[in-house]
Amino acid sequence: MATAAKSKRNLTASGTALAFSKKSLTAPKGQVQLVLTNKASIQHNVAIRGNGLAAKKGKVVGKNGVSTVTATVKPGKYTYYCSVPGHEKAGMKGTLTVPRPG
């Protein structure tokens with residue numbers, strides 16, 4: 001039985017700014033994997049929520065760590081963010097758009 005391919009999107013966190021390398025991403029409907037490589041000296045992770053999806057969170061990692069979150073998405077908009085307290089509020093978030101087919 002064939003399984004649907006996973007759509008992978010990469011992000012980085014670097015320097016001292018509480019921000020991802022990309023403020024917006026686009027992915028097709030289905031399974032999407034967000035991969036955050038933390039180049040910053042403080043801990044971060046990647047999480048996703050929205051459009052009927054309950055929050056899913058990757059592990060919190062230190063410098064040079066990798067945090068991954070996988071979710072099944074349908075057409076609409078989602079928020080990806082760092083769930084470390086205060087980081088999302090400080091601007092460490094972005095929008096994932098899943099366009100409608102056709």
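Model, not experiment: these values are computed from the prediction.
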Measuring from [X]:[atom1] to [Y]:[atom2], what's the distance to the nearest 0.5 Å?
{"X": "Leu96", "Y": "Leu34", "atom1": "CG", "atom2": "CG", "answer": "6.5 Å"}
{"X": "Glu88", "Y": "Ser83", "atom1": "CD", "atom2": "OG", "answer": "9.0 Å"}
{"X": "His87", "Y": "Lys89", "atom1": "NE2", "atom2": "NZ", "answer": "13.5 Å"}

What are the two closest heavy atoms between [X] and [Y], and how far apart are they?
{"X": "Lys23", "Y": "Gly91", "result": "NZ-O, 2.8 Å"}
{"X": "Lys74", "Y": "Lys29", "result": "CA-CB, 4.3 Å"}
{"X": "Val69", "Y": "Gly58", "result": "CB-N, 4.0 Å"}
{"X": "Lys57", "Y": "Tyr81", "result": "CE-OH, 4.1 Å"}
{"X": "Ala27", "Y": "Val32", "result": "CB-CG2, 3.9 Å"}
{"X": "Ala71", "Y": "Lys56", "result": "CB-CD, 3.7 Å"}

In the structure I gave you, are the side-chain heavy atoms of [X] and [Y] within less than 4.5 Å of one another anywhere?
{"X": "Pro101", "Y": "Pro75", "answer": "yes"}
{"X": "Lys22", "Y": "Tyr80", "answer": "yes"}
{"X": "Val61", "Y": "Val66", "answer": "no"}

Side chains of Lys59 and Ser67: any donor to acceptor distance under 3.5 Å?
no

Asn38 vs Thr12, test: side chain to side chain contact (heavy atoms under 4.5 Å, CB included). Steps then yes/no.
CA-CA 6 Å; Asn38 186 7; Thr12 58; over 6 Å; no

Residues Tyr78, Thr95; criterion side chain to side chain contact (heavy atoms under 4.5 Å, CB included); working and verdict
CA-CA 6 Å; Tyr78 299 82; Thr95 302; over 6 Å; no

As a quick check of understanding, evaluate side chain to side chain contact (heavy atoms under 4.5 Å, CB included) for His44 and Leu18, giving each step before the final call.
CA-CA 9 Å; His44 292 301; Leu18 290 175; 3.5 Å; yes

Looking at Val46, Leu11, Thr68, Thr70, which one forms a side-chain contact (heavy atoms from CB on, under 4.5 Å) with Val35?
Thr68

Tell me whether the count of non-hydrogen atoms from other residues, nucleotides or ligands lying under 6.0 Å of NZ in Lys8 goes above 12.
no

Show your working on side chain to side chain contact (heavy atoms under 4.5 Å, CB included) between Ile48 and Thr79 and close with a plain yes or no.
CA-CA 6 Å; Ile48 186 171; Thr79 298; over 6 Å; no

Can you check side-chain hydrogen bond (donor to acceptor under 3.5 Å, both in side chains) on Thr97 and Lys77, steps first, answer last?
CA-CA 5 Å; Thr97 302; Lys77 293 194 181 289; 3.2 Å; yes

Leu36 and Val84: same hydrophobic cluster, using ILVMFWY side-chain contacts below 4.5 Å?
no

Same apolar cluster (I L V M F W Y, side chains within < 4.5 Å links), Phe20/Ile42:
yes

